[in-house]
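Structure first, commentary second.
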Amino acid sequence: MNTPFRIGVLGSGKGSNFVAIADAVAAGKIPAEIAIVLSDVENAGILAHARERKIPAQFIAPGQFRTKLDEDAERAFVAVLQNTQVDLIVLAGFMRVLKGDFLRAFAGRIVNIHPSLLPCFPGLQSWKQAIDHGVKVAGCTVHFVDAGVDSGAIIGQAAVPVLDDDTPETLHQRIHAAEHELYPRCVAALARKEISVVGRRVVWKKV
Ligand code: GRF
């Protein structure tokens, strides 16, 4: 029998994308196992959701910086993920930028979801950036993680309308709902090895 495709999930927040992915795994829509969930925030909702589902979940102290892991923390994350033998790392609201040694350890095997149609509005509060800019279409993007901020090759995107009476909050909710459909679909394609990368272009195998 083939060994199952093993996923490690990293998150800092409430973990609704993790829940969408875990539900899709449980429903047989993603041929994989969530092997571990890690967080840099001790009381993050994502850890509670994982424990409710009996998925191993661990807090790792991030160290002294606000937006990245310090060296010890980075080593600790990498060690746990390597010992767990994960095939893919899924960032689901992980609020720290991953640096060289982490990226090298899992080259081409880290994906993220961002709440905008990249390359528009990278960085923080993209839904607010979209409202402030006045765009009529917003959305979300699943992409490979590289050394830049929200700059890796794009795996999938979903668009949502921006309505005239939207606030940043109502737009954020609509984007979040689209994420919960897009991310499991992209992770399923990765687990099924239906995705190849040609330069910056990610190609989905026709099924
Ligand atoms: C999502 O909006 C995602 O795009 C961003 O962080 C948020 C995580 O939300 N990277 P949740 O913790 O999955 O609910």
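Because the structure is predicted, anything quoted here is derived from the model rather than measured. Position 1 is the first residue of the sequence, and the numbers go up from there. Numbering of ligands and ligand atoms starts at 1, following listing order.
Between H180, H176, K14, it is H176 that holds the heavy atom closest to atom 9 (O) of ligand 1. When the heavy-atom distances from atom 13 (O) of ligand 1 to V9, V142, I21, N17 are ranked, the shortest goes to N17.
Heavy-atom proximity to E179, at under 4.0 Å, picks out these atoms of ligand 1: 1 (C), 2 (O), 3 (C), 4 (O). Close contacts of ligand 1 with P115, meaning ligand atoms under 4.0 Å from a residue heavy atom, involve 4 (O). Ligand-side atoms of ligand 1 in range of S16: 11 (P), 12 (O), 13 (O), 14 (O), range being under 4.0 angstrom from any heavy atom.
The protein heavy atom nearest to atom 8 (C) of ligand 1 is G93 CA, 3.6 Å.
A donor-acceptor pair is defined here as one N or O able to donate and one able to accept, closer than 3.5 Å; no such pair exists between the side chain of T67 and the backbone of R96.
Ring to ring, H133 and F121 are close: their centroids are under 6.0 angstrom apart.
Ring planes of F77 and F102: tilted class, angle from 30 to 60°.
At least one heavy atom of G15 lies less than 4.0 angstrom from ligand 1.
Side-chain contact of D70 with Q64: a donor-acceptor pair under 3.5 Å is absent, judged by distance alone.
In terms of N/O distances under 3.5 Å, ligand 1 is approached by I113.
A salt bridge between D166 and R174 is present, with a side-chain N of the basic residue lying under 4.0 Å from a carboxylate O of the acidic one.
In this structure, the salt bridge (charged side-chain N to carboxylate O under 4.0 Å, His left out) partners of R53, at least two apart in sequence or on a different chain, are D23.
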